[in-house]
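The structure under discussion appears below in the form of structure tokens.
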Amino acid sequence: MIGATVARRAASSPLLIDWLPVLVLPPVLVLDAALSVRGKPIDVLNVLVAFVGCVPLVLRRRLSFPRMAPLLVGGVVLVLWLLHPENTVVLIPMVALFELALNGDRRRSLWMILAVIPCVVISVVPFASGWPHIASIVVRNLALCVLAIAAGDVLRTRRQATEQLVRTRQQETLRRVSDERLSIAREIHDVVAHAMTAINVQAGVAAHLLERDPGQAHGALRDIKRVSGEALGELRQTLEILRDPAQGVPLAPGATLLDLEALTGGLRSAGIAVELKVEPLAELPAAVHGAGYRIVQEALTNVARHADASTARVTVRRDGNAVTIEVVDDGAGRHGVNGANGVNGGGNGVRGMRERALALGGTLEAAPAAGRGWQVRARLPVAP
């Protein structure tokens, strides 16, 4: 295991990567020269020349092609002059061109293809005999150099595509995490805000009637216990999502648009008359039921907290391929002053309602009602 670790570190070492061609190519050049009929006799000088001719490759990742080209041509000419291998000397420029294309761009790759033509001609003409021989070697070496450039360019393109795919997936993951957090935040806000408002109203009623009407005060305390218990249950369900990421964020609470009557008790206990009108809705998706219920819940919570109203009217009706929800009160219309239901959506309440509507492709408006009070109007499309 220690040996494997050392090998991995060595393989990723920039110094080793820079010098690897200088260690690998000279033996190949020497062997080719030894087998070639035109090769020079192999001695220490020839082996040294092979290494010296490959030394410019150490700089292939640091220099641009215009600076590398003279070094490569010089190394090739030196190897051909003193060692004269038959076919493998082209490996020296191929390694450099591959690396340059791998770390460059498409424009530089095309430019290198054009610039490599005179370099190949300069390297071949002085050492070839006869025009047919020169032409064949130039064409072969040029094709191999272009192949090296193309291979580096293809690998670079694939690497960039892979990196872009990874970035896209990371961004998508972050977006999903953000959406999950937003959904959980909405759930917690709706549950806690409604429950706290109801508890606050009922506690005020109990404190006011404790001596004059103990029976009604006890009823208010029982309502506090019921509301707090229901809120804790819903809050516990929502927090379970954080403990188990495999669970999806609930698109709807247990209650639906058909259960809105339960939301009116707190307001009626506070002396606010609530008129509830729910027209036949036929079959609706669970998401529409859930979003609609939460919108009504938050709107009534704002009425209790901010409106200073005596009556509130809730209307839910099916309007073609959408469900329309209206919550109107006759209060002082101060929702926008304290930021709960401002036109610009400054508070978390109206923002959460609007996000729920937009998530279904719907709309939500919160503004002063005609004459007096405040109105929340949502339109939630029903998917076919």
Side-chain angles (χ1 to χ4, degrees), residues 7-26 28-29 32 50-80 85 87-127 134-176 178:
R8 282 195 300 270
R9 291 180 178 177
S12 60
S13 170
L15 184 62
L16 179 61
I17 294 175
D18 288 341
W19 282 90
L20 186 61
V22 183
L23 301 176
V24 173
L25 291 185
V28 176
L29 297 174
D32 185 23
F51 278 97
V52 172
C54 295
V55 165
L57 295 177
V58 176
L59 304 174
R60 68 191 185 280
R61 298 198 301 168
R62 296 179 177 84
L63 299 182
S64 62
F65 179 75
R67 295 182 179 182
M68 279 293 298
L71 299 176
L72 293 174
V73 172
V76 169
V77 169
L78 180 65
V79 171
L80 287 174
N87 301 307
T88 55
V89 72
V90 73
L91 292 175
I92 298 176
M94 286 181 66
V95 170
L97 293 172
F98 173 82
E99 193 83 37
L100 290 168
L102 183 63
N103 297 316
D105 52 44
R106 179 62 53 81
R107 182 178 179 181
R108 189 166 79 172
S109 296
L110 294 175
W111 183 85
M112 285 194 301
I113 290 175
L114 297 177
V116 80
I117 297 175
C119 296
V120 171
V121 173
I122 293 173
S123 302
V124 170
V125 170
F127 303 97
I134 293 176
S136 64
I137 295 178
V138 167
V139 171
R140 182 197 64 186
N141 289 358
L142 183 61
L144 291 174
C145 289
V146 171
L147 179 62
I149 297 173
D153 190 76
V154 169
L155 288 180
R156 176 187 51 77
T157 303
R158 292 185 60 182
R159 181 182 63 189
Q160 291 176 345
T162 302
E163 292 173 351
Q164 179 61 36
L165 179 61
V166 171
R167 285 194 297 269
T168 301
R169 288 179 176 176
Q170 290 175 342
Q171 293 172 356
E172 178 66 15
T173 300
L174 292 175
R175 185 191 64 79
R176 290 182 179 180
S178 178

Minimum heavy-atom separation for [X] to [Y], with atom names?
X	Y	result
Ala96	Met68	CB-CE, 4.1 Å
Val22	Cys54	CG2-O, 3.3 Å
Pro21	Val95	CG-CG1, 3.9 Å
Ala151	Phe98	C-CE1, 3.9 Å
Ser123	Leu80	O-CD1, 3.4 Å
Arg159	Leu102	NH2-O, 2.9 Å

Are any non-hydrogen side-chain atoms of [X] and [Y] less than 4.5 angstrom apart?
X	Y	answer
Leu59	Asp18	no
Ile122	Val76	no
Val116	Pro93	no
Val28	Asp32	no
Met112	Leu97	yes

Distance in Å, [X] [atom1] paired with [Y] [atom2], rounded so as to fall on 0.5 Å steps:
X	Y	atom1	atom2	value
Ile149	Leu144	CD1	CG	11.5 Å
Ile117	Asn141	CD1	CG	13.0 Å
Arg108	Asp153	CZ	CG	10.5 Å
Ile92	Leu71	CD1	CG	12.0 Å

Check ion pair Arg175-Glu172 (N to O, under 4.0 angstrom) = yes
For Leu25 and Leu57, what are the C-alpha separation, side-chain angles and deciding distance, and is it a side chain to side chain contact (heavy atoms under 4.5 Å, CB included)?
-> CA-CA 10 Å; Leu25 291 185; Leu57 295 177; 3.7 Å; yes
Look at atom CZ of Arg140 and say whether more than 12 heavy atoms of other residues, nucleotides or ligands are closer to it than 6.0 Å.
-> yes
Could you go through the salt bridge (Lys or Arg N to Asp or Glu O under 4.0 Å) check for Asp105 and Arg156 one step at a time?
-> CA-CA 8 Å; Asp105 52 44; Arg156 176 187 51 77; over 6 Å; no
Does the side chain of Gln170 pick up a donor-acceptor pair with the side chain of Arg167 at under 3.5 Å?
-> no
Between Thr157 and Arg106, a side-chain donor and acceptor under 3.5 Å = yes
Between the side chain of Asn103 and the main-chain N/O of Glu99, is any donor-acceptor distance below 3.5 Å?
-> yes
Cys119: which of Val73, Val124, Leu72 passes side-chain contact (heavy atoms from CB on, under 4.5 Å) = Val73
